[in-house]
Amino acid sequence: MTDSVLSRAAENVCTELRAHAAVCEQSPNDPVAVVRQGERLRKAMLHYEVALGEVSGWSLPLRYLGHLEDFAEDNGADASVDIDPRGSQDRNPGC
């Protein structure tokens, strides 16, 4: 794979993300449309993740977001998250 493959995959993610936002805004009560577009976005993200790994060896950062509740605080970066070189996170290293 080349960087152009990664760039195209990233552009596709952006396109599908914008399309998902549009469907959610325009047709929030149409679960078929929302889910269908969500699946297209999911597929684009997975394709990007494969391309990213093959081109750079890196993994998709979105894999390590954690629970939404973890981001409810307004204090900026969460210093309590420890990330090891293999990419896993441990919120409670002593547990």
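The structure displayed is predicted, hence computed values, not measured ones.
- V13 approaches L41 most closely through the heavy-atom pair O-CD1, 4.0 Å.
- Take R42 and apply the side-chain hydrogen bond (donor to acceptor under 3.5 Å, both in side chains) test, not counting sequence neighbours, and it matches E39.
- Using a 4.5 Å cut-off between side-chain heavy atoms of Ile, Leu, Val, Met, Phe, Trp and Tyr, V34 falls into a hydrophobic cluster with V23.
- Tracing side-chain contacts under 4.5 Å through hydrophobic residues (I, L, V, M, F, W, Y), one never reaches L17 starting from L46; they form parts of separate clusters.
- Note: N12 CG to K43 NZ = 9.5 Å, rounded to the nearest 0.5 Å.
- Partners of R18 under the side-chain hydrogen bond (donor to acceptor under 3.5 Å, both in side chains) rule, at least two apart in sequence or in another chain, do not exist in this structure.
- The closest side-chain heavy-atom distance from S4 to R8 is below 4.5 Å.
- Taking both residues in full, the closest heavy atoms of A9 and H47 are given as CB-CD2, 3.6 Å, listed atom of the first, atom of the second, then distance.
- Applying the side chain to side chain donor-acceptor pair (under 3.5 Å) rule to pairs touching residues 21-32 yields nothing, sequence neighbours excluded.
- Note on L6: it clusters hydrophobically with L62, by side-chain heavy-atom contacts below 4.5 Å among ILVMFWY residues.
- Remark: E16 pairs with Q37 by the side-chain hydrogen bond (donor to acceptor under 3.5 Å, both in side chains) rule, at least two apart or across chains.
- Nearest heavy-atom pair across A51 and V5 is CB-CG1, 4.4 Å.
- Residues forming a side chain to side chain contact (heavy atoms under 4.5 Å, CB included) with S56 (at least two apart in sequence, or on another chain): L52, W58.
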